[in-house]
Enquirer: 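Just passing along the structure, written as structure tokens.
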Amino acid sequence: MGQPADANGPLKSIWSFFASVKLTVVLLLTLAATSVFGTLIPQMGSPDRYVAIYGAFTYRLFALLDLFDMYHSWWFELLLLLLAANIVICSVDRLSSVWKIVFVKKPRFKLSQFQKLSTRAQFAAKQDADRLKSAYGPYFAKHFHYSRIEPHEKGFCVFAEKGRWTRLGVYIVHLSVILLLIGGLVGSLLGFDGFVNVGEGVTVDRIRLRSSKGIQPLDFAIRCDDFTVTFYKSGAPKEYRSTLTILEKGRPVMKKDILVNHPLNYRGINIYQASYGTLAPQKFQLRFQDKASKMVFKKQAVIGRTIELPESRGSLLITKYSATASFRGHAIGEALVGRLTLKGHAPQPILLPLRFPSFDKMRGGAMVIAVDSYDPRYYTGLQVTRDPGVPIVYAGFIIIIAGCFITFFLSHQRICVQVIPKGKGAVVTVMGTSNKNKIGMPQKVSQLAKKLAKLKL
Amino acid sequence: MTSSSILSIVTFIYGLAAFLYLAAWVFKKPPAGQTAVWVSLAGLAGNLAGIALRWRESYQMGIGHAPLSNLYESLIFFACVLTLIYLVIDRRTGSHVIGVFTAPLAFLAMAYASLSPQVSNRIEPLIPALKSNWLIAHVITCFIGYSAFAVAFGLSIMYLIKNREAAAAQGGVLAARLPETAVLDELTHRMILFGFLFLTAGIITGAVWANSAWGKYWSWDPKETWSLITWFIYATLLHARLMRGWHGKRIAVLSLIGFTAVLFTYFGVNLLPGLHSYGAPG
Ligand code: HEM
């Protein structure tokens, strides 16, 4: 690998353009700078709102530059693509030489190179060189990945090293960046992201996509059996819970309560609790009070169904529920609208505001009707997604952490111990170098020297 | 004593430490620097005790969650990690003067948490979106990263002071009492490596959490995007060091820019449109 041998001219210059760290710095800074726009300009809003904020000219300019959905714009994706090309070519370019360093059978050591180092520690040993040799051999074999002893003048040298493989850490990091980009691409090509609102008791088998606003049919149906929301005393929400049943061809196959942070996964599709809302209630408890006798009767009413009034005074039909009713121009909020037919009279309209129980007194009838209570009805807002890229992205997550740890905190350390006989004993010099963390190395070398000095012989 | 009152006292302890470091630096009084280290240690102990007590209080209130769920608690944790990192460096290098540039940051974080009317120190129960173990992993990793970047920020300022004095060749006394530029450069780099690892882990835990709560690991909301911008800036810095001529001063400037991005991710984003304002996603 490496750069093509016979390439000169355009191919070579393209290659070296993409292999350069300068390009990396430019790309990373450009990505950082352009990403800022998308946080200042609200993304994916409606055109009307943009025109209102920015005016027509700026709106058209921004729209031309795709600034309203910039993270999916062609130029942002081009930047990511250039970064990917940069990483791949740069890594390929260097990997061949690193590969040679990492996977050698017999690493090369040169005493003269170690002797140039200032990172050294020295001590005098009482034992002679042969004794030391027989002790150092096993010691280095045990504590280092590779070691060998070479005779030198009258004494000997131990060469040892460990962490050679940590030189590959950077490539692991770079590979993981590529995995993240691939995972994101797979997700956007093969996945979808939609939502659906399901009323209690309702079954749905299609969802609305977030980006295109299109409809995505599902291979199965989702029924919302129940939705509950609970609150803390402060009024903050405590729990949203939807009881869902998954149906295949009308047959229930799975039932589960989902909460925020506890989604349901069925056949690669994830269903998340995202929001909720109230639906028009359908069942009401009505309260009838006889003006004369003060007698109270309660009866259940359902929208669209006629009920008989107590004491056979006639009938009442609730035609609809209105969330924003008004009376003579005044907003009165939620109310039931209906038709009251008293015996021997023509039907008359009737309005029953939920919040004002004595409102019906105004009608002046013999019986005052009020809404006593009703069953709240909810719909649950579900986020429904499929993303086959997630395993790839998660793999990228794991190895980027591992790769950064290896690159930042581990290093390739090479040690040379020179033993020169002197009198009955010997002078031992420990020299060392590492490819990273150079300021930590002197300490490592002196610690090693101390250990060697204390070694039991 | 409640955790809030302990933590208010810690604010003043950190303030005192900052003052002592400054005095030791300006008036060349090494004993003041040594005292400042002990004061910092006392502050750290109080800080940890405050966090532990707050945790206990939340259980006594029947709410029961780790004290890492809102702006107040994250600032307290930030000051704690920042002071811890400083003390480790102090021990390794034996140079108290670094405290001049880190202790004020711990003090400011604590003062903002304790005194600002915008920061509530009430212990609140968790809203549904925050009921996740990923919250704890996310906050811990992010704030360890931010603290490391804060220390790198302090070191970079020291670098720039020292470097300017050296360039002017006038040998200012204050600059002379700072560590050598090579040492500062190396320490900054180590801190940024450490911070980068934890920022990466913080973004990842946030993504995994978002995926488990809302089904998307990334949605480009402003807070996420700003954390990525921060990540791009520090990645730029790591690579810029490999280019010829990009050492020392330029790296220090990039480190200042990076920390500005950290601050914006932390505070500024709440001013922008979006969903991620602290603790109220979804
Ligand atoms: C988002 C994208 C990238 C990330 C997160 C990333 C991450 C890293 C990290 C963490 C290091 C280790 C730095 C250190 O030890 O101080 C590194 C080193 C390096 N990166 Fe990248 N990198 C990215 C893109 C690139 C690209 C596009 C290139 C292409 C030129 C590149 C070339 C290098 C080189 C040459 C090294 C030094 C290797 C060595 O020390 O032998 N990186 N990168």
Side-chain angles (χ1 to χ4, degrees), chain A residues 20-22 24-33 35-36 38-43 45 70-72 183-184 187 193 232-234 236-241 259-263 270-275 383-387 390 393-394 396-398 400-401 404-405 407-409 437-439, chain B residues 63 122 124-135 182-183 186-187 190 193-194 196-197 200-201 203-205 207-209 211-226 228-233 235-237 239-240 242-243 246 257 261 264 268-269 272-274 282:
Chain A
S20 89
V21 181
K22 226 180 244 166
T24 314
V25 167
V26 170
L27 284 175
L28 288 173
L29 277 182
T30 313
L31 280 167
S35 294
V36 174
T39 67
L40 301 178
I41 303 167
Q43 297 287 292
M70 66 152 276
Y71 303 109
H72 305 102
D193 169 19
Y232 294 113
K233 276 193 214 95
S234 66
K238 179 175 185 182
E239 183 184 87
Y240 309 116
R241 180 184 290 268
L259 312 171
V260 180
N261 281 309
H262 297 279
N270 293 299
I271 302 169
Y272 300 85
Q273 180 68 54
S275 64
Q383 168 116 355
V384 183
T385 65
R386 192 182 67 179
D387 190 344
V390 164
V393 171
Y394 278 24
F397 284 167
I398 292 171
I400 201 170
I401 293 291
C404 279
F405 181 81
T407 322
F408 296 162
F409 301 117
N437 189 16
K438 297 218 177 355
I439 48 170
Chain B
I63 294 169
R122 296 248 308 272
E124 300 277 4
L126 295 179
I127 61 166
L130 298 185
K131 287 182 182 164
S132 166
N133 287 335
W134 289 107
L135 165 72
V183 173
E186 180 66 30
L187 276 177
R190 303 245 88 201
L193 293 182
F194 188 72
F196 190 78
L197 176 68
T200 309
I203 294 176
I204 288 173
T205 49
V208 174
W209 177 23
N211 195 36
S212 74
W214 303 292
K216 279 182 93 173
Y217 56 86
W218 196 261
S219 33
W220 293 105
D221 96 354
K223 193 143 192 139
E224 282 172 1
T225 308
W226 268 97
L228 188 68
I229 291 170
T230 309
W231 194 74
F232 282 145
I233 294 175
T236 307
L237 188 154
H239 291 87
L242 303 169
M243 296 194 332
W246 277 74
I257 296 174
F264 199 84
V269 164
L272 296 174

Enquirer: Looking at B:W134, I want to see if its CH2 is surrounded by more than 12 non-hydrogen atoms of other residues, nucleotides or ligands under 6.0 Å.
Expert: no
Enquirer: Quick check against the 3.5 Å criterion: does A:N270 have a side-chain atom that pairs as donor or acceptor with the backbone of B:G215?
Expert: no
Enquirer: Does A:Q383 use its side chain to pair, donor to acceptor, with the backbone of B:W214 at less than 3.5 Å?
Expert: yes
Enquirer: Can you tell which of B:N211, B:I203, B:L228 has the highest number of heavy-atom pairs within less than 4.5 Å of chain A?
Expert: B:N211
Enquirer: Hey, is the main chain of B:L126 close enough, under 3.5 Å, to the side chain of B:E124 for a donor-acceptor pair?
Expert: no
Enquirer: Heavy-atom distances under 4.5 Å only: say whether B:W231 touches chain A with side chain, backbone, both or neither.
Expert: side chain
Enquirer: Most heavy-atom pairs under 4.5 angstrom with chain B, which of A:T407, A:D193, A:V390?
Expert: A:D193
Enquirer: Contact part of A:S35 toward chain B, heavy-atom cut-off under 4.5 Å: side chain, backbone, both or neither?
Expert: both
Enquirer: For the side chain of B:E224 and the backbone of B:W220, is there at least one donor-acceptor N/O pair under 3.5 Å apart?
Expert: yes
Enquirer: If you count heavy-atom pairs under 4.5 Å between each of A:I400, A:V21, A:T385, A:D387 and chain B, which one has the most?
Expert: A:V21
Enquirer: Among the options A:Y394, A:F397, A:Y272, pick out the one with the most heavy-atom pairs lying under 4.5 Å from chain B.
Expert: A:Y272
Enquirer: Counting only heavy atoms closer than 4.5 Å, note whether A:V393 contacts chain B via side chain, backbone, both or neither.
Expert: side chain
Enquirer: Examine whether an atom of B:V183 lies under 4.5 Å from a heavy atom of chain A, and if so say whether it belongs to the side chain, the backbone or both; otherwise answer neither.
Expert: neither
Enquirer: Test your reading of the model: is there a side-chain donor-acceptor pair from A:Q43 to the backbone of A:I41, 3.5 Å cut-off?
Expert: yes
Enquirer: Do A:Q273 side-chain atoms and A:R241 backbone N/O form a donor-acceptor pair below 3.5 Å?
Expert: no
Enquirer: Check whether A:Y232 gets within reach of chain B through its side chain, its backbone, both or neither, counting any heavy atom under 4.5 Å.
Expert: side chain
